[in-house]
Number of protein chains: 2
Amino acid sequence: MEQSPARSSSVTVADVAREAGVSKATAARVLGGYGIVSAKVREAVKAAASALDYRPNELARSMTTGRSGTIGVVVGDIENPFFSLAVRGITDVARLAGFNVILSNSGEDVAAEKAAIRTLVAKRVDGIIVSPAKEGDVEHLKDIERSGRPLALLDRSAPSLNVDTVIADDMQAAEGITRLLIGRGHRRIAYVTACDTPDHVFHSLDDIYTDSVRRRIEGHLGACREASLTSMEEWVRVGANSSEATRRIVLNMLQSAERPSAIIASDSVIGLEVFKVARELGLTLPDDLSLVSFHDADWTSVTSPPVTVVQQPVYQLGEAAATLLVERLNGEVGEGRRVVLQTRLIERASVGAAPSSGS
Amino acid sequence: MEQSPARSSSVTVADVAREAGVSKATAARVLGGYGIVSAKVREAVKAAASALDYRPNELARSMTTGRSGTIGVVVGDIENPFFSLAVRGITDVARLAGFNVILSNSGEDVAAEKAAIRTLVAKRVDGIIVSPAKEGDVEHLKDIERSGRPLALLDRSAPSLNVDTVIADDMQAAEGITRLLIGRGHRRIAYVTACDTPDHVFHSLDDIYTDSVRRRIEGHLGACREASLTSMEEWVRVGANSSEATRRIVLNMLQSAERPSAIIASDSVIGLEVFKVARELGLTLPDDLSLVSFHDADWTSVTSPPVTVVQQPVYQLGEAAATLLVERLNGEVGEGRRVVLQTRLIERASVGAAPSSGS
DNA sequence: TTGAAAGCGATACCAC
DNA sequence: GTGGTATCGCTTTCAA
């Protein structure tokens, strides 16, 4: 017992075959679970395998079969509850379908995303799911297709890519929020997002390279136009990509002479920061400031007041992306499919009427 | 351009070698970045490689070198902010050290954990980090060691395993909390944890198979004994492993005749549920109920009142585990090391004096 | 410095 | 049914 081989085992099919007194091919058949073998031989091989403590080498198997049983996932930040929930959806589906997941963080940086994908392809993953940092910069994603591997896009589409894509109806959601706010009398509505521009100022939609973010701003501005509100672009704030940056942006806005009466947060991490800053400044929600956030994060329902949010089907987003990918892996062919999941506005108590002093 | 090979590339070193007019071995040397090659030949090979759009096959490389450049991570639930933050710490360190991460969810189920580890070993990951579901059931973890791969334990130790382990000082943390509560006059202090027992009732410490949880309860009960409080075991509630279960347990306790005046939540997911139930029942924190939660989750600081928590160095826990593992991978040998990271009590406003009606 | 050839551990094709 | 053997793409002696 004591002398169990401390050295890496490396018991191979050949060893098992020898022990069982059969050929390597036969042993491989039972160990690999393919081909036809007599019951008697099968038992003998199995016995030999467990006696030797045989461990299959997936690497070798992958090399001959061409399938690694692994899918690669590249997201912006696994620490963000949005992505960790989506990843949970992906891993659940993957496991059920017999796949493992290699997870990479891009930090929303295209260079890192590129490197991650290069590695994933080198590792011969069977397929890849990515949440592209920039919809315009997708040459590396086309490479995936060229390598013959299926690709699925999560939460963000890329117009130039004809691949399976799963997104939420961000535009309608944003429209809905903005209409709600306008209906309550708000005119000075700020939109805060993590996406950044070179000069950290929003000029036009063309500045926004992250698809889901652009669709949201598009919906928001559309609803504004619809209500004949002009120059609302000035109220769009970009660059909230860390809690410090968000804090700075929000503080700045809220302390200026003409401060917004309502803020839309593009994700729950931003929403949380807005909530903190507002409280720090002694602003009362919703009397002094209205707040709506994307993503029904756990905390949004326990604050005082609880926060009105856009509930996104995050887990399902991951599930759907993984499902589409697995279907491709199982032979599905044809045009890239586009799945749009519905969001739902959950009205809580962070939205109130605009102060009458306004416009 | 149009006729770029749609078929899986499969440009191999042999192809590059041919194109460059050198031997396979030479081409492999420059492509693999090892051995000595003349500058001239190196350039020729590189040119040929990019002309052919050569993509290395890590699988084949791994098979000969024996290293896959991958580490496996098995956690209870990536969706839990505790683990997603720890995983972020792991992936950051791994990436810097040149490793990828294969992520598996065990769902705190030993069978799933076993299966995940089996797969990971089959895939020949270089090392594994796991947060064992049960400290007693670790035969499969010993297997990892037997396979010659380093193993590191995250957040939970296993006495029978002499491997690198990174944990927080849960026992002291729990002691601190309980002393604080007792000092404020509390006598009916409930402890709610996700860990379950066969009959869903806590009898003794031996029931608790998850190391970190046991250390916490141990600290808690120790502080109780210290203050001559007896039968505090009756106030320990197990089985809060889903929001529904937690809700049921907490509702039950809080609606009983003799309800606790303070609750300790073993993680932030439980803490959130306690908060929700308390509010639902119209209980005011901290007047009607005091609450302390483990894990300084984002929401704990924005509630009214904000919640007193044990701040755990979660990201650092992941970082440290990955660092220890990488060191092993780089040749470090010897006894398993044990790293204990300090926690810190963040006093906010969810703890108050016990109602005078008590004992 | 470069080349030829032997593995690594499985699968798969083709006879028997 | 079972066995022999080429093969996958790369690394790694060992000679030249």
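A quick note: this is a predicted structure, and the numbers were derived from the prediction, not measured. Chain letters run A, B, ... following the sequence lines, proteins first, then strands; residues in each count from 1.
- No donor-acceptor pair under 3.5 Å is formed between the side chain of B:Asp126 and the backbone N or O of B:Ile71.
- A 6.0 Å sphere centred on CZ of B:Arg337 holds more than 12 heavy atoms belonging to other residues, nucleotides or ligands.
- Nearest-nucleotide positions on DNA chain C place B:Ser23 closer to the 5' end than the other of A:Val13 and B:Ser23.
- Using modelled atom types and a 3.5 Å distance limit, the side chains of A:Glu335 and A:Asn162 yield a donor-acceptor pair.
- Atom-to-atom, CZ of A:Arg124 to C1' of D:dC8 comes out at 11 Å; the value is rounded to the nearest Å.
- The side chain of A:Lys24 sits closest to C:dT11 out of D:dG4, D:dT12, C:dT11.
- Distance, A:Ile36 CD1 to C:dA12 C1': 14 Å, rounded to whole Å.
- In this model, no donor atom of one side chain and acceptor atom of the other lie less than 3.5 Å apart for A:Arg67 and A:Thr65.
- Nearest heavy-atom pair across A:Phe99 and A:Thr70 is CD2-N, 3.7 Å.
- A donor and an acceptor atom sit less than 3.5 Å apart, one in the side chain of A:Arg29 and one in the base of D:dG3.
- In this structure, the side chain of B:Ser50 does not engage the main chain of B:Asp53 through any donor-acceptor pair within 3.5 Å.
- Note: OH (B:Tyr34) to P (D:dT11) measures 4 Å, nearest angstrom.
- In the set D:dT2, D:dG9, C:dA4, the nucleotide with an atom closest to the side chain of A:Ser38 is D:dT2.
- Rounded to whole Å, atom C1' of D:dT7 lies 14 Å from atom CG of B:Asn57.
- Counting to the nearest Å, the C1' atom of D:dT11 and the CG atom of A:Leu59 are 14 Å from each other.
- At whole-Å resolution of the value, CD in B:Glu58 and C1' in D:dG9 are 12 Å apart.
- A close approach under 4.0 Å does occur between a side-chain nitrogen or oxygen of B:Tyr54 and OP1 or OP2 of D:dC10.
- Note on the helix from C:dT1-D:dA16 to C:dC16-D:dG1: angle between the axes of the first and last five pairs equals 30°, rounded to 10 degrees.
- Taking side-chain N and O atoms only, B:Thr26 has no distance below 4.0 Å to OP1 or OP2 of C:dT2.
- In this structure, of C:dT2, D:dG9, C:dA12, it is D:dG9 that holds the atom nearest to the side chain of B:Ala60.
- Atom CZ of B:Arg61 is separated from atom P of D:dT11 by 5 Å (rounded to the nearest Å).
- A side-chain N or O of A:Asp211 and one of A:Ser157 form a donor-acceptor pair less than 3.5 Å apart.
- For the pair B:Lys40 NZ and C:dT1 P, the interatomic distance rounds to 14 Å; values are reported in whole Å.
- Looking at the side chain of A:Ser10, the nearest of the listed nucleotides D:dT5, C:dG9, D:dT2 is C:dG9.
- Relative to the side chain of B:Thr65, the nucleotides D:dT11, C:dA10, C:dT2 differ in distance, and D:dT11 lies closest.
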